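Here the structure comes first, spelled out in structure tokens, and everything after it is commentary.
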4 protein chains.
Amino acid sequence: MIEPDLPRRQRRKEARPAELAAAALSLFIEKGFAATRLDEVAARAGVSKGTLYLYFDSKEALFRAVIEEGLVPLFEQMEAKLDTLKDDPERLLKEILLDWWTHVGATELGGISKLIISEARNFPEVAAYHNEAVIQRWMSLLGKVIQTGVEQGVFRALDVETLRQLVFFPLLMLSVWKHSIAGCAAACSAAANPISPTYFDTYFDMIFRGLLVAPPELSA
Amino acid sequence: MIEPDLPRRQRRKEARPAELAAAALSLFIEKGFAATRLDEVAARAGVSKGTLYLYFDSKEALFRAVIEEGLVPLFEQMEAKLDTLKDDPERLLKEILLDWWTHVGATELGGISKLIISEARNFPEVAAYHNEAVIQRWMSLLGKVIQTGVEQGVFRALDVETLRQLVFFPLLMLSVWKHSIAGCAAACSAAANPISPTYFDTYFDMIFRGLLVAPPELSA
Amino acid sequence: MIEPDLPRRQRRKEARPAELAAAALSLFIEKGFAATRLDEVAARAGVSKGTLYLYFDSKEALFRAVIEEGLVPLFEQMEAKLDTLKDDPERLLKEILLDWWTHVGATELGGISKLIISEARNFPEVAAYHNEAVIQRWMSLLGKVIQTGVEQGVFRALDVETLRQLVFFPLLMLSVWKHSIAGCAAACSAAANPISPTYFDTYFDMIFRGLLVAPPELSA
Amino acid sequence: MIEPDLPRRQRRKEARPAELAAAALSLFIEKGFAATRLDEVAARAGVSKGTLYLYFDSKEALFRAVIEEGLVPLFEQMEAKLDTLKDDPERLLKEILLDWWTHVGATELGGISKLIISEARNFPEVAAYHNEAVIQRWMSLLGKVIQTGVEQGVFRALDVETLRQLVFFPLLMLSVWKHSIAGCAAACSAAANPISPTYFDTYFDMIFRGLLVAPPELSA
DNA sequence: GATGAATGAGAATTCATTCAT
DNA sequence: CATGAATGAATTCTCATTCAT
């Protein structure tokens with residue numbers, strides 16, 4: 001990955017935007033967009049305030065970049081998986097949902113969802129971009145998986161539009177929760193943390209009992 | 001509600017905090033806490049900026065009051081219902097969830113959830129208060145309803161902690177969505193609005209097929 | 001002028017914009033628009049920085065106001081004079097030019113010309129406003145006076161457009177000079193100051209010898 | 001002008017300051033000193049920002065150089081002419097004034113006058129240098145020409161100090177005007193452009209009628 | 001109580017200047 | 001010599017908070 005024959009300066013220059021966006025992401029998630037000062041972002045990235053402006057035109061541009069940077073590595077994997085496991089929609093759906101949780105929901109990237117929710121009203125263009133580049137894409141992916149299952153007679157023929165939301169929202173909400181309410185560890189009691197150890201077992205049990213034409217428990 | 005024998009001045013005086021909090025609530029929801037200026041709050045409430053400080057010590061105090069004011073009328077109803085319909089947990093759960101949607105999720109009060117999610121990190125004490133005064137209370141209510149159903153052998157004996165979240169999150173997320181992403185109507189395409197007309201039908205179908213020991217469709 | 005029954009606060013509020021504009025004018029003239037900091041303007045007016053923004057939306061708005069404030073009292077007098085002395089165009093022209101010198105060129109208001117010259121490129125709308133509200137008006141006034149003289153057979157029938165500039169530019173340039181080069185008293189030698197004691201005598205001698213059909217010197 | 005036996009590198013090196021100053025001049029004139037960024041100057045000269053500092057210590061030093069560079073080629077011509085046409089002061093004066101207009105007033109160099117007027121207060125030493133190196137020299141030249149005319153009995157014996165200003169200011173003002181107000185072409189109406197086609201005819205007519213002991217028109 | 005003018009600390013942004021490469 | 005990434009002081013503008021009226 002590292003090209004050792006480039007002078008250090010230049011290597012730095014190429015890495016900078018990602019470093020800055022990473023610093024900004026973590027701060028935006030911690031404190032929200034408005035409450036994050038560019039001073040802090042610069043400090044966390046180990047550069048001066050002015051340097052930010054070498055790479056981003058404004059705070060809003062930085063916001064936009066954070067979304068883009070954070071989401072580029074995110075979708076190759078997800079969509080690639082769609083072509084595998086076509087004959088086992090249950091396992092495919094489960095894997096895709098767990099993938100999302102592992103690579104997004106449970107990580108810092110999950111904070112982007114919270115960010116977008118918080119700032120959509122104030123930055124409609126950024127929200128629109130995110131909606132189109134991420135939400136629609138992801139929802140469409142989920143829809144295709146479910147649709148496949150329906151067509152194969154494995155999933156019940158309910159409204160796919162709604163199903164994909166019902167299936168996804170418990171995970172999304174969990175992630176959002178983790179990055180906001182559960183984040184004020186000191187003040188909020190432990191009870192604020194909603195993740196019980198059996199959460200995922202129960203989640204998939206419920207989801208698939210609702211989805212499957214012949215749930216294992218009953219078909220037995 | 002109105003006490004007609006008090007002189008108007010005094011009535012006004014007592015109503016003021018609620019009026020101010022109402023104005024603040026709608027603005028906080030529209031623009032977020034940080035982006036709302038006290039000028040605007042005062043203007044919307046029809047008073048001068050200085051007057052705000054007669055009733056609230058600071059912007060944060062106003063935030064706290066917004067939570068309290070907005071949620072006081074909210075929980076008498078909900079908890080009262082618990083004592084009714086004890087013998088029909090399915091109907092009770094459905095009614096309670098629809099009640100929440102009707103009186104909170106679908107109304108401006110649903111915006112408080114978004115607000116808390118956005119600002120929890122910056123105002124941990126407010127978040128803690130909300131957590132304890134609202135979230136815990138509401139989750140406990142849901143838990144009791146489900147527990148009743150389990151005890152009566154109507155609901156499956158899964159982890160109740162998780163079930164109440166799985167049941168509630170699709171509604172909560174929907175409400176949060178409505179108050180953020182779906183709110184930037186101009187920029188975000190209509191597709192951002194996730195409510196399909198059959199959402200609630202499918203929602204309850206899925207939920208109860210997952211919950212009920214003997215779902216109608218399968219018991220047949 | 002002062003209305004002694006208004007509370008001091010209110011009297012102040014009405015006077016403020018003019019006070020602020022006056023402070024800004026003198027600083028803009030001294031240092032130019034770009035080099036003047038709003039801190040200084042506020043300090044000179046004896047208020048805080050924030051107060052400026054109660055009355056003016058931006059530094060540019062302040063600039064615009066300076067032009068307007070400074071020029072309002074300026075044109076009533078000038079144009080009123082046009083109706084007098086219709087039968088003596090030479091005296092009328094001389095009085096109007098001296099009036100301009102006394103009330104504008106020689107005073108701080110003359111600095112506005114320098115300001116506009118300096119900043120026209122950077123603030124085209126302000127320059128356009130000044131052009132229309134001041135320059136055109138003043139030039140038109142001069143043109144009418146000269147035209148009257150021509151029609152009465154007192155002035156030679158040359159191009160009036162040009163004449164009014166030839167007549168005015170020596171005064172305008174003198175004023176601009178005073179407010180720029182002559183202003184750096186310490187560094188610039190006294191020779192930079194171009195006003196010789198006989199300037200106006202020679203000026204009018206030249207102007208009228210050029211203008212008059214029958215100059216006194218020769219008609220004698 | 002080009003010295004073809006120097007290696008190109010070296011030629012470049014010697015030409016650099018002049019190239020940089022030329023780039024700076026045009027930008028200073030376009031936008032004023034303060035509003036010109038060194039980035040732009042470097043870009044227009046086709047070098048990097050750092051290179052500027054190899055040749056000039058500071059932005060102010062560049063300003064000073066702009067004056068010097070721009071005016072060096074300017075005065076050989078002018079003063080050389082003084083020795084010719086000694087027996088026709090009218091024609092000499094006319095030629096010198098037209099020369100100034102052709103080589104300075106009408107060209108980019110005329111912008112230096114505007115620049116000095118704008119920045120004299122902020123850069124007194126630069127203004128002082130310009131005053132001494134340019135203004136005094138030029139005024140002295142004009143004075144000598146007029147003095148010659150007076151001594152030959154061709155020009156009237158008025159105050160020469162003032163006469164040279166009266167003669168020069170209409171041209172100077174015209175040039176300044178062209179480089180400021182007339183420059184904001186978009187916003188300012190065409191009427192802002194003060195040059196009528198007969199400007200110079202009328203100008204010389206007026207000037208010489210005022211100057212000459214026996215103007216053609218009257219001597220008839 | 002109520003007002004709204006005034007404040008000033010704080011945040012985003014710009015840009016002349018430096019210096020490692 | 002030349003570069004251009006990095007700096008940070010300086011500047012505009014915002015807004016929660018105060019307080020004289």
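Predicted model only: the values in this text are computed from it and were never measured. What you see below is based on every heavy atom in this structure, not just the backbone, and it leaves out hydrogens, waters and symmetry mates. Residue numbers begin at 1 in each chain, while the letters A, B, ... track the order of the sequences.
- Projected onto DNA chain F by closest heavy-atom contact, L54(A) and T51(C) fall at different nucleotides, the more 5' of which corresponds to L54(A).
- Phosphate contact (OP1/OP2 of dA2(E), side-chain N/O of R16(B), threshold under 4.0 Å): present.
- Rounding to the nearest 0.5 Å gives a distance of 11.0 Å between CD of E40(D) and NZ of K49(D).
- Positionally, the nearest nucleotide of DNA chain F for L52(A) lies more toward the 5' end than for the other of L52(A) and G50(C).
- Between the side chains of R44(D) and S26(D), at least one donor N or O sits under 3.5 Å from an acceptor N or O.
- With rounding to the nearest 0.5 Å, the separation of OG in S180(B) from CD1 in I117(B) is 8.5 Å.
- Within a heavy-atom distance below 4.0 Å of DNA chain F, the residues of residues 33-41 of chain C found are T36(C), R37(C), L38(C).
- Put simply, OH on Y55(B) is 9 Å from C1' on dA2(E), counting in whole angstrom units.
- Here K59(D) lies in heavy-atom contact (under 4.0 Å) with sugar-phosphate atoms only.
- Checking side-chain atoms of T36(D) against main-chain N and O of L27(D) turns up a donor-acceptor pair under 3.5 Å.
- Defining each end axis of the helix from dA2(E)-dT21(F) to dT21(E)-dA2(F) as the rotation carrying four pairs' C1' atoms onto the next four, with five pairs an end, the two axes are found to diverge by 10° to 10 degrees.
- Residue Y53(A) places its side chain closer to dT14(E) than to any other of dT3(F), dA16(F), dT14(E).
- As a whole-Å value, the separation of L20(C) CG from dA5(E) P is 13 Å.
- Using a 4.5 Å heavy-atom threshold, the side chains of F28(A) and E119(A) count as separate.
- Note: CD (E60(A)) to C1' (dA12(E)) measures 13 Å, nearest angstrom.
- The structure places OG of S58(B) at 9.0 Å from CG of L38(B), a figure rounded to the nearest 0.5 Å.
- Between F56(C) and F63(C), a ring centre-to-centre spacing not shorter than 6.0 Å is recorded.
- The base of dT17(E) is paired with the side chain of K49(D) by a donor and an acceptor separated by under 3.5 Å.
- R121(C) places a side-chain N or O within 3.5 Å of a backbone atom of H179(D) that can act as its donor or acceptor partner.
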Step by step, would you call E60(C) with R64(C) a salt bridge (Lys or Arg N to Asp or Glu O under 4.0 Å)? CA-CA 6 Å; E60(C) 182 171 350; R64(C) 195 183 306 266; 3.5 Å; yes
